[in-house]
Amino acid sequence: MPAITLPDGTVRQFAGTVTGTDIAASIGPGLAKAALAIEIDGKLCDMALPIPEDASIRFVTRKDPEALEMIRHDAAHVLAEAVQTLFPGTQVTIGPSIENGFYYDFYRNEPFTPDDFAAIEAKMKEIVDNKAPFTREVWPRDEAIKFFEDKGERFKAELIRDLPESEDISIYRQGEWLDLCRGPHLRDTSDVGNAFKLMKVAGAYWRGDHRNPMLTRIYGTAWRDRKELEVHLHQLEEAERRDHRRIGREMDLFHIQEEAVGQVFWHPKGWRLYTTLQDYMRRAQTRWGYEEVRTPQLVDRSLWEASGHWDKYRHHMFIATVEDEDKTLALKPMNCPCHVQIFRHGLRSYRELPLRMAEFGACHRYEPSGALHGIMRVRGFTQDDAHVFCTEDQIADETVLFVEMLSAVYRDLGFSDFRVKFADRPEARAGSDEIWDKAEQSLKTACETAGVTYEYNPGEGAFYGPKLEFVLRDAIGRDWQCGTLQVDLVLPERLDASYIGEDSARHRPVMLHRAILGSFERFIGILIEQHAGKFPLWLAPVQVVVASIVSDAGAYAEEVVAALRKAGLHAEADTRNEKINAKIREHSLARVPLILVVGRREAEERTVALRRLGGATQEVLSLDAAVSALKLEATPPDLLEH
RNA sequence: GCCGACAUAGCUCAGGGGUAGAGCAACUGAUUCGUAAUCAGUAGGUCCUCGGUUCAAUUCCGAGUGUCGGCACCA
């Protein structure tokens with residue numbers, strides 16, 4: 001006699017074991033039709049699952065987030081059935097739901113191509129239209145393994161073998177087809193609906209390990225209805241329009257070419273953006289008590305051996321030799337060992353700590369070819385790097401200070417939203433467990449002091465210490481890891497850094513590695529995509545174009561430009577023999593934030609007609625008023641008087 | 001690095017075993033115009049590189065390089 005408690009608190013008694021389907025039917029035909037799944041005591045289950053005992057339940061309908069996830073998961077099953085029907089001999093592996101959709105990994109000698117999509121999608125629609133119920137069965141482990149092995153499905157058999165003994169081996173059937181699956185699933189294949197689309201094929205390693213065979217993965221997107229699908233496809237187009245590689249070309253900011261793979265040729269406008277950002281960061285560093293340094297690009301192998309990088313990262317370092325000298329040097333992949341050299345040059349006193357040493361450090365790393373991506377992932381880049389040499393007691397205060405600085409910088413650059421992840425010891429690491437215990441504990445304490453809440457990112461720390469990762473979210477909801485704060489008790493030891501304490505004895509300092517932007521290249525890529533190239537005025541490479549209407553106003557336009565430049569603005573004159581419509585269109589497409597239109601009238605009255613990017617209206621100002629207003633408006637946020 | 005796709009004018013792209021095509025941009029000329037495209041003309045190419053097949057390859061085949069999408073990697 002199970003008593004079923006509904007979300008509104010009412011309790012219904014049933015004569016014997018019931019299912020979600022029974023309960024929904026007993027409540028009403030509307031719900032019976034709408035309920036796709038049932039949550040039993042907080043656990044999402046199939047509608048058809050028998051409920052023998054008292055339980056609190058809740059029905060999941062198409063509008064619930066869980067339903068969308070199930071639609072995607074079911075779509076993956078439907079995809080797998082379609083593929084195995086059309087391409088016999090293909091082995092199935094796994095197919096989860098993911099953000100915006102699903103994928104399924106197959107093993108097949110011949111990989112799929114997007115040309116196969118039409119046929120696969122057609123077959124999927126057929127399967128959906130068949131309205132085949134998803135039914136759950138629990139099989140004995142040995143039987144399941146034998147079944148899949150006999151079918152030649154060695155990946156599935158391996159999955160079952162690796163399931164914990166305590167777990168049921170559940171099999172879901174949909175019509176003729178079946179798959180090992182934890183579930184839960186929707187009622188039948190028609191619940192998947194018609195708002196799905198196959199998107200791309202890709203290679204993926206079995207179980208994510210590059211030593212395993214390569215599978216062929218088919219990605220799809222799936223939604224509740226066609227309208228949601230359309231919105232998603234539209235967002236993808238929008239993201240493509242924001243692509244920093246495209247905007248970089250359109251705005252003439254930078255390029256990359258074959259002779260310098262993974263390295264950026266900054267064009268004048270891109271470099272202006274870069275230096276504006278660098279100037280800003282330099283001011284921030286000064287304000288927060290950093291000293292700037294500069295260290296060599298090429299450093300002898302012995303230093304990298306001492307730091308441990310040679311051992312671990314040699315294959316990712318650019319090595320340089322000269323014919324006349326028997327030496328091996330490496331382009332620095334990071335700055336920390338060099339900063340330690342400055343620290344240990346001469347005796348340091350505890351009075352100097354915390355010592356904050358910053359460098360816009362140009363680094364080179366031989367990134368795997370497949371990792372390269374525009375200017376976001378490159379082989380030559382510049383970090384806004386710094387190392388804080390301090391005592392263990394100072395870690396907490398330094399963390400507080402750093403989080404304060406990072407928040408201010410992100411806010412000034414237009415990012416208000418960021419999360420923190422705590423990455424602890426990786427498998428391959430330097431230093432004893434004791435040291436790691438200490439480093440992780442002090443970083444946790446520091447987070448508490450700084451009021452930083454974080455999520456765990458297990459095993460993702462640097463080889464010399466745990467780290468905080470600062471992940472910011474851009475205008476279209478994508479996450480980017482930029483900032484980092486790492487506690488390092490290993491390198492000071494390895495590179496023999498010390499200071500004289502109050503007790504006149506030598507002590508090891510702690511090293512905090514930290515960056516806010518990460519790398520300029522990557523961060524500028526993010527900035528471009530965040531703003532879709534429409535930068536805030538202070539960052540815009542061309543801030544103002546003065547466009548003349550008639551050639552008689554040309555001289556005045558030049559005069560306006562000169563006045564703006566004198567005030568420190570990046571201004572250009574457009575006195576070409578073109579119609580004003582054409583000029584406005586062109587500079588608007590070039591994402592110039594401000595256009596000053598000048599014709600005969602403005603020249604006579606010494607005024608300008610100000611038009612803002614995207615705006616339909618204009619504002620007529622005197623030249624002097626315009627110059628001082630724009631100068632103020634173009635002031636970097638950290639230099640504004642509050 | 002691995003799997004797949006792609007590489008044609010500055011850009012976006014079409015084409016195809018036998019003089020290489022469009023739009024935009026560029027250049028020249030005319031036009032002097034009031035808030036998102038004035039008109040006309042001209043020029044522009046090792047069809048990524050190297051090899052093979054062929055009477056003939058930019059096109060077909062192979063290798064390499066690069067880019068793109070994933071996977072793996074990201075000190």
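Throughout, a chain's letter reflects where its sequence line sits, starting with A, and its residues are numbered from 1.
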So what's [N] paired with, Watson-Crick or G-U wobble, going by both distances under 3.5 Å?
{"N": "B/rA14", "result": "none"}
{"N": "B/rC47", "result": "none"}
{"N": "B/rC60", "result": "B/rG52"}
{"N": "B/rA9", "result": "none"}
{"N": "B/rC33", "result": "none"}
{"N": "B/rU42", "result": "B/rA26"}

**Request:** State whether the side chain of A/K332 and the backbone N or O of A/T295 hold a donor-acceptor pair below 3.5 Å, judged by distance alone.
**Result:** yes

**Message:** Quick one, A/R478 with A/E529, criterion salt bridge (charged side-chain N to carboxylate O under 4.0 Å, His left out). Give me CA distance, side-chain angles, the key distance, then yes/no.
**Reply:** CA-CA 10 Å; A/R478 289 172 305 184; A/E529 301 198 357; 3.0 Å; yes

**Request:** Would you say whether A/Y313 stacks on B/rA75? The test is a distance between ring centres of less than 5.5 Å and an angle between planes of less than 30°.
**Result:** yes

Is any side-chain N or O of [X] closer than 4.0 Å to OP1 or OP2 of [N]?
{"X": "A/R249", "N": "B/rU12", "result": "yes"}
{"X": "A/R245", "N": "B/rG69", "result": "yes"}
{"X": "A/K332", "N": "B/rA75", "result": "no"}
{"X": "A/R211", "N": "B/rA72", "result": "no"}

Please report the distance, rounded to the nearest Å, between [atom1] in [X] and [atom2] in [N].
{"X": "A/N581", "N": "B/rA37", "atom1": "CG", "atom2": "P", "answer": "5 Å"}
{"X": "A/N212", "N": "B/rG1", "atom1": "CG", "atom2": "C1'", "answer": "15 Å"}
{"X": "A/K579", "N": "B/rA37", "atom1": "NZ", "atom2": "P", "answer": "10 Å"}

**Message:** Under 3.5 Å, is there any donor-acceptor pair linking the side chain of A/R207 to the base of B/rC71?
**Reply:** no

**Message:** Tell me whether the side-chain N or O atoms of A/Y205 pair up with the base of B/rG1 as donor and acceptor below 3.5 Å, since no angle test is needed here.
**Reply:** yes

**Prompt:** Looking for any heavy atom pair under 4.0 Å, which part of the strands does A/G465 touch: base, sugar-phosphate only, or nothing?
**Reply:** nothing

**Message:** Just by distance, no angles: are the side chains of A/H339 and A/E359 close enough, under 3.5 Å, to form a donor-acceptor pair?
**Reply:** yes

**Prompt:** Taking the inter-plane angle between the rings of A/W206 and A/F155 on a 0 to 90° scale, is it parallel (under 30°), tilted (30 to 60°) or perpendicular (over 60°)?
**Reply:** perpendicular

**Asked** Would B/rU32 be called syn or anti, given that syn covers angles within 90° of 0?
**Response** anti

